[in-house]
S.K.: 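Dropping the structure in here first, questions after.
In what follows, every heavy atom counts, from backbone to side chain, and hydrogens, waters and symmetry copies are set aside. Sequence positions, counted from 1, serve as the residue numbers for this chain.
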Amino acid sequence: MAQSAVSTGLTPPPAARDVLELLKPITWFPPMWALMCGVVSSGVSPLSRWTFLIAGILLAGPLVCGTSQAVNDWFDRHVDAINEPDRPIPSGRIGGRWGLYIAIGWTVLSLAVAAFSGHWVLIATVFGLACAWAYSAPPFRLKTSGWIGPAVVGLTYEGLSWFTGAAVMAGSLPPVHVLVILTLYSIGAHGIMTLNDFKAVEGDRATGLRSLPVVLGERPAALLASAVMAIPQVIVVALMVMWEHHISAGVVAVLLAAQLALMPRLVSAPARHAPWYNATGVSLYVLGMLASALGLGGYV
């Protein structure tokens, strides 16, 4: 298994199903959801710019997010040989350097689609792709830091996707209120990304990845993640009240209260309960994003 993870010899092209698995469609939902929040927060009718909307959806999900997954799996093939040896690259289903070629090809395709979608969308895409490569690839390999890595992922998955949705609909830089809210939710997403590190503690320790569960210990990391998720939402509620989006503020406050009620179970056994909290608490978090976007867009 481990040998297949590092093999770079000549091999035939991989099967389409293995390429799709490499791009991890299940991971496309968070940035696509954030993009739709951006669309809603713009207040512009999706029908008025539907071709740009389709381009934005492709960028947020299959293209930029897909690129990040391919880049990550290529440069993590040695780690995955320990943590998840059945993945396409360490299992040998995508052999040789095909993982790298797919990552490069998807990068070029993403830039081509972004160039069609407008100045601000192209800038956001270039930034997102740069983060994707810096996160996983040497010499930066930002994922080795439990502080910087989750911050980069939270910024790109939530904030940058939200920015893209708002920019692609408005055709310009989104308003300041939108930028402030998407930034707060990006900060909170740092905690969500930390939750994902609990599943790979053994492999991270073995390969020197300094995730927060490795550096701080599991319970302190879970407490920190909970605080990082909650505090930005408190600020969102306060801002929405100040901006007179009272319905959105009330909905986010109720959703936050439900998350706070779930967090003690997460903290009691983080490695065991992180998947459960991802399905419950994180779902409430992203619903709050939509509630905020509806207020900003003038829908409620």
Side-chain angles (χ1 to χ4, degrees), residues 30-44 56 59-60 64-65 68 118-132 134-135 142 145-196 212 224-245 248-249 251-253 255-256 259 281-282 284-299:
M32 290 172 71
W33 178 272
L35 178 128
M36 293 308 298
C37 288
V39 170
V40 171
S41 70
S42 73
V44 178
L59 281 169
V64 176
C65 184
S68 72
H119 176 70
W120 285 107
V121 175
L122 178 58
I123 291 175
T125 300
V126 170
F127 179 76
L129 291 168
C131 286
Y135 177 77
L142 301 178
S145 167
W147 298 102
I148 299 175
V152 169
V153 177
L155 175 63
T156 53
Y157 268 50
E158 305 295 352
L160 202 62
S161 297
W162 188 318
F163 178 95
T164 300
V168 80
M169 295 309 298
S172 62
L173 183 69
V176 173
H177 287 187
V178 172
L179 295 176
V180 170
I181 296 300
L182 70 84
T183 299
L184 286 167
Y185 276 110
S186 298
I187 294 170
H190 187 290
I192 297 174
M193 297 305 114
T194 297
L195 296 183
N196 293 331
L212 291 186
L224 178 64
S226 298
V228 170
M229 287 184 283
I231 292 172
Q233 293 179 82
V234 173
I235 301 173
V236 168
V237 171
L239 289 175
M240 299 304 275
V241 170
M242 186 172 66
W243 296 334
E244 299 186 349
H245 300 305
S248 291
V251 172
V252 175
L255 293 169
L256 173 57
Q259 293 169 62
V282 173
L284 296 171
Y285 182 96
V286 299
L287 286 174
M289 291 171 55
L290 179 58
S292 300
L294 288 168
L296 292 169
Y299 292 97

S.K.: Could you state the interatomic distance from CG (L160) to CG (L129), rounded to the nearest 0.5 Å?
M.R.: 9.0 Å
S.K.: Could you give the distance from CG (L284) to CD (Q259), rounded to the nearest 0.5 Å?
M.R.: 5.5 Å
S.K.: Keeping Y285 on the side-chain end and A189 on the backbone end, is there a donor-acceptor pair under 3.5 Å?
M.R.: yes
S.K.: Can you name the nearest heavy-atom pair linking A60 to S161, along with the distance?
M.R.: CB-OG, 4.4 Å
S.K.: Looking at residues at least two apart in the chain, or sitting in another chain, which of them share a side chain to side chain contact (heavy atoms under 4.5 Å, CB included) with V252?
M.R.: Y185, V236, V237, A291, S292
S.K.: Under 3.5 Å, side chain of T156 to main-chain N/O of V153, donor-acceptor pair present?
M.R.: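 Checking the backbone N and O of V153 against the side chain of T156, a donor-acceptor pair under 3.5 Å is found.
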S.K.: Determine the minimum heavy-atom distance between W120 and A167, stating which atoms define it.
M.R.: CB-CB, 4.1 Å
S.K.: Let me see the working for T183 and W162 under side chain to side chain contact (heavy atoms under 4.5 Å, CB included), right down to the final yes or no.
M.R.: CA-CA 9 Å; T183 299; W162 188 318; over 6 Å; no
S.K.: Rounded at 0.5 Å granularity, tell me how far CE in M169 sits from OG1 in T164.
M.R.: 13.0 Å
S.K.: Can a donor-acceptor pair be found, under 3.5 Å and without considering hydrogens, that links the side chain of S42 to the backbone of V39?
M.R.: yes
S.K.: Give me the atom names and distance for the closest heavy-atom approach of L195 to A225.
M.R.: CD2-CB, 4.3 Å
S.K.: Test M193 against V152 for side chain to side chain contact (heavy atoms under 4.5 Å, CB included), laying out the working first.
M.R.: CA-CA 10 Å; M193 297 305 114; V152 169; over 6 Å; no
S.K.: Answer yes or no: is there a side-chain heavy-atom contact under 4.5 Å between S68 and Y135?
M.R.: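 When only atoms from C-beta onward are counted, Y135 and S68 do not touch, as no gap falls below 4.5 Å.
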S.K.: Heavy atoms, side chains only, cut-off 4.5 Å: are L179 and L182 in contact?
M.R.: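 In contact.
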S.K.: Tell me, do M240 and I181 make a side-chain contact under 4.5 Å, heavy atoms counted?
M.R.: yes
S.K.: If you look at every heavy atom in L35 and G56, which pair is closest and at what distance?
M.R.: CD1-O, 3.1 Å
S.K.: Could you walk me through whether T194 and M229 satisfy the side chain to side chain contact (heavy atoms under 4.5 Å, CB included) test, starting with their C-alpha distance in whole Å, then the side-chain angles of each, then the deciding distance to 0.1 Å, before giving a yes or no?
M.R.: CA-CA 10 Å; T194 297; M229 287 184 283; over 6 Å; no
S.K.: Side chains of V178 and F163: does their closest heavy-atom pair fall under 4.5 Å?
M.R.: no
S.K.: About how many Å separate CD1 of I187 and CD of E158, when rounded to the nearest 0.5 Å?
M.R.: 12.5 Å
S.K.: Measuring from atom CG of L212 to atom OG of S145, what distance do you get when rounded to the nearest 0.5 angstrom?
M.R.: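 Spacing of CG (L212) from OG (S145) equals 7.5 Å.
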S.K.: If you measure from OG on S41 to CE on M36, what distance do you get to the nearest 0.5 Å?
M.R.: 10.5 Å
S.K.: Looking at V228 and P232, what are the two nearest heavy atoms and their distance?
M.R.: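 The pair with the smallest heavy-atom distance is O-CD, 2.8 Å.
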S.K.: Of all heavy-atom pairs between A249 and V241, which one has the smallest distance, and what is that distance?
M.R.: CB-CG2, 3.5 Å
